[in-house]
Chemist: 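First the structure, which I've put down as structure tokens, then a few questions once you've had a look.
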Amino acid sequence: MEQQVKRMEIRHLSKTFFSKKGYFTAIDDVSFDVYDGEFLVILGPGRCGKTVMLNIIAGVEDATEGQIIYNGKEWKGLNPEIGMVFQKLALMSFKTVIENVELALKFRGMKKEERREIARHYIKLVGLEGFENYYPKQLSGGMQQRVGIARAYAANPKLLIMDEPFGKLDAQTRYQMQEDLLKIWEKEKRTIIFVTNNIEEACYLGDRIILLSDCPAKVKEVYPIDIPRPRDMVSREFLELRTTISDNTDLSI
Amino acid sequence: MDRMSSGQKTVRTVLYWGLPVLAVLLIIVGWITFSASHPDLMPAPVDVWDRFIRTFTRPIAKTTLIGHAWASLRRVLIALLIAWAFGIGFGILIGWNRKARAFFGSIFEVIRPIPPIAWIPIVIMWFGIGEFPKVLLVFIGTFVPLVINTSAGIEMVDKINLHVGRIFGGNDMQILKEIVIPTALPSIFAGIRTSVSSGWTTVLAAEMMGAQQGLGSLVTRGWQGSDLSLVLVAVITIAVIGALLAVILQQLEKVVCPWNSK
Amino acid sequence: MAADKQKLEAKWAEYLENQKKDNVKYMLLSAAGILTVLVLWQAVVMLGLVDSRLLPPPTEVLSTLIYKLNNTVPDGNTLGTNIIASLQVALSGFCVAIVIGVPLGLLMGWWTYADRFIRPIFELVRPVPPIAWIPLVVVWMGVGLKAKALIIFFTAFVPCVINSYTGIKLTSQVLIDVSRTFGAPNWMIFWKIGIPSSLPMVFAGIRVALGNSWSTLVAAEMLAASAGLGYMIQIGRTVARPDIVIVGMVVIGAIGAILSAILSRCEKYFLRWKVNR
Amino acid sequence: MPDNEKRPVKVEVKNLTKRFGDLLVLDDMSFNIHKGEFVCVVGPTGCGKSTFLNCLTRIHMPSQGDIFIDGVPADPRRHNISFVFQEPSALPWQTVEQNLAYGLKIKKVPQSEINRRVDQILDLMGLQESRKAYPGELSVSAEQRIIIGRSFAMQPDLLLMDEPYGQMDVKMRFYLEDEVIRLWKELGSTVIFITHNIEEAVYLAEKVLILTNKPAKIKEEVYIDLPRPRDITSPKFIEYRNYITDKIKWW
């Protein structure tokens, strides 16, 4: 791959949680680069360290050690150019779909018609036209996650962080969402950091995979993937890649 | 369980509707027999009905039953409006801001365990038995549950929603207005419901301690004049209005929080 | 790794240090809050802004409290006897309400026919504020312990039934289905699944019942009693002794807080499995 | 004709139909499941797989037709059926030990036998050190393993599992799948395993039942003739996987 522009660099990131009873290290000296416009996947077993890392990158949690270099400059705290999609959805149940999607624009003080205009564009992009005035509770799991994606895109981020967005969906809906996400990503190019514990999903989506160890999270291996898209999950090279990664993954009981 | 024979099904429906009717009949019959055998302890339903009519034809303290009911309701509503504004505002303040919670919260924690009714004597000593002390007492009775529920609602907002607010560029006030308060609304409504029932109880107690008008005064007047049917008329009116207030609040919540009911 | 270990230990010590500093800071803030109120109260009376016959300063209230510990003036009982009298009445009505109210709520929540039969009677009792029962109960049973306990029973009974009813209705259907697949009969599912899963709500109901009992006690004692904190306050009012009234209020508040703390201890013990992941 | 056809029939489903009001969910399903057979049921999302299981356990009564276990209409009280639901169903107020013994206590199994079986399951699943813990204190995967352990402790003649590993990461799922195969081989129960994940179905099943979209009918029964432990990259495995995927692919 030719030398791309680095959107972000993570340098020696560590995070330890302290409590009265003792301390627990979730992330131990993790460093990796994020290239501009790339679909980077962070793959790790179980539930340890991944969400904390994303919270640190998004600026809602601070690291015990290490820096985040964004566009060449060290960055501390919240970053308006970063949007996030959550596994637990975190949609506002009291807002309709369109009110949820336009949240970031409303916070920026944009006028109503303009906000609605942009929100409608992204609702159409994720395939939810006609559901603008529904409440999240009335939608299926897959559709609610589409609202989460539309909300993040509507904030016009340069870097989109996704924390196991398809974790709660059944296998078949998950395949559908993976295909749709790639279509959306190709139509509206953004740098994406996609976190998952599903190896098949990682190999299907990622330009590169960063494999983390079990707690405390360390970078075990970085796998560039050069299988052309759309990838066939049962093709020989896909399955071989998957087995090599799976053999290298820790088992977290 | 849907393969039952039709016979079984009819038995179930008969029981389902028959039992409540049976219960109500039992109450009425019980009331009649008890009042027949102990007229001094319990007036018969007929006497209560006559007394109910008489409250309109011969008003007590120049006000009919509706007048008394409105006197009590007016006191509660005035106090509630003030309590809602202050109580919810104060609840949001101590729920949202840690320093305020430490400073004001501690004062509130000291006053909280004192039951509203325990305030009656001191308030009467200070302000007599006019309108203001009664409204003040109802305010005290409604303020506490509001603050408890509102601050609890604000504190229990899921941390992830706050993350959403900050990541999507909201400042503290925007997050409070757009995310935290709406999420806490159901709990605030629980506070409102409790405050109404507690306000209704407190106004009665205040009126029973001394008042010219109000359903509480009717209860005391009936009690001291050993006119039990008046006491019953007043108690039934109190119960009916109490139930109506609860129903109105339920509808209000459906309007204010449509997303819960949909 | 050793170097990291030391760094982590140092960071941990620093964290504990900050925690301690924060706790002290907030403790001082709380104390400051209460102190300002007391100082204001004292100043307002001392400067004569408010007539001390209406609002005694905290110092006077404190001395009356100590005085009252072993003196019977003006209501004829020492503070101790009043407290015991109040506790006796409140706790008897409260316990009977739990013993009857909680099982009734659970039964109504589990068996639809029990619900259909008991609900009308319950819905008639519920909206009546407990104080409205006082005249009827006094006519029926005079002003003795039984009468006041019955009044408190009414006020504690309602929340026990409602919360137990809602609690058991919220039992997770999955656990019921699992038990049914194992062939458990309905009464066993009620016993092994219904009751344990409704415990948190039952305790919430008991907490409300305790609050209600304690506040209705004061009303009952004001209207018809010969001993108890409510009675003491009432006498304090009639003989224009605001310090007695305030002492009564403070003691009622303190005991109310203690009872609620005891209840929290029990709740923590019974619900120790409710640790969240 | 694969050898499991020669085994006696354990579960016989005759013209099973289920209607909720006028919504037809299961449409005249008939098939047999043999003693000790591991059957996977796959079908498009929302085609009524769970309703099918609920009819088996009498949580829902079938509208027409019936289900026979050992020739007798299925009855949870008489038959020894265990059901692993999709949502976590451990009793939060019981320790791991008590949870594992819950089903056995209902079936009034003697205490000595209960202790023996609980210890056996704890050893088999390596949960010995957390036997006194509450489910709330363990990870989601540990809780799910307790539920599966509880079902196997019953040594049920029929074990039903509704997508038990939906939330697990792939590595954990391989581990749990091997574990369920080990338990199935050792205890010889008849297993009906529902899943959306076709790879999982081909990895586990001796026979795969493919259901159509709503209202569910039996589209096809596919016998998986692969040695164990199965290799997910072997050509024959992929052939089975593609075959079944084409039958139900809606996305």
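Just the heavy atoms: all of them, side chains too, but no hydrogens, waters or symmetry mates, feed the values below. Protein chains get the first letters and strands the later ones, always in sequence-line order, with residue 1 at the start of each.
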Chemist: For Lys124(A), is the NZ atom crowded, meaning more than 12 foreign heavy atoms sit under 6.0 Å from it?
Modeler: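 No, not enclosed.
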Chemist: Give the minimum heavy-atom separation between Phe168(B) and Met84(A), together with the two atoms involved.
Modeler: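 Result for this residue pair: CZ-O, 3.6 Å.
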Chemist: By a 4.5 Å heavy-atom criterion (distance strictly below it), what part of Asn171(B) contacts chain A: side chain, backbone, both, or neither?
Modeler: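 Neither part.
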Chemist: More than 12 heavy atoms of other residues, nucleotides or ligands under 6.0 Å from CZ of Phe86(B): is that the case?
Modeler: no
Chemist: Flag the pair Ile161(A) / Ile167(B) as yes when at least one side-chain heavy-atom distance between them is below 4.5 Å, and no otherwise.
Modeler: no
Chemist: Between Ala155(A) and chain B, which part of the residue has a heavy atom less than 4.5 Å away: side chain, backbone, both or neither?
Modeler: side chain
Chemist: Going from CG on Asp163(A) to CD1 on Ile160(B), what distance comes out if it is rounded to the nearest 0.5 angstrom?
Modeler: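 Reported value, rounded in 0.5 Å steps: 7.5 Å.
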Chemist: Count the heavy atoms of every other residue, nucleotide or ligand shown that sit under 6.0 Å from NZ of Lys183(A), and state whether that count exceeds 12.
Modeler: yes
Chemist: With sequence neighbours excluded, tell me which residues meet side-chain hydrogen bond (donor to acceptor under 3.5 Å, both in side chains) with Gln144(A).
Modeler: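 Counting only residues at least two positions away or on another chain, Gln144(A) forms no side-chain hydrogen bond (donor to acceptor under 3.5 Å, both in side chains).
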Chemist: Surrounding CZ of Phe18(A) (heavy atoms of other residues, nucleotides or ligands, distance under 6.0 Å), is the total greater than 12?
Modeler: yes
Chemist: Using non-hydrogen atoms only, which part of Leu78(A) is less than 4.5 Å away from chain B: side chain, backbone, both, or neither?
Modeler: side chain
Chemist: Does anything in residues 53-70 of chain A reach chain B? List residues with heavy atoms under 4.5 Å apart, or say none.
Modeler: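 Checking residues 53-70 of chain A against chain B gives Asn55(A), Ala58(A), Gly59(A), Val60(A).
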Chemist: Pick one of side chain, backbone, both or neither for Lys106(A), based on which atoms fall under 4.5 Å of a heavy atom in chain B.
Modeler: both
Chemist: Under a 4.5 Å heavy-atom cut-off, does chain B meet the side chain of Phe86(A), its backbone, both or neither?
Modeler: side chain
Chemist: Please classify the contact of Met92(A) with chain B as side chain, backbone, both or neither, using a heavy-atom distance under 4.5 Å.
Modeler: side chain
Chemist: Is the count of non-hydrogen atoms from other residues, nucleotides or ligands lying under 6.0 Å from Tyr23(A) atom OH greater than 12?
Modeler: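 Counting neighbours around OH of Tyr23(A), more than 12 heavy atoms of other residues, nucleotides or ligands fall under 6.0 Å, so yes.
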Chemist: Once you round to the nearest 0.5 Å, how far does CD1 of Ile181(B) lie from CZ of Phe94(A)?
Modeler: 10.0 Å
Chemist: How many angstroms lie between atom NZ of Lys88(A) and atom CG of Asn161(B), to the nearest 0.5 angstrom?
Modeler: 9.0 Å
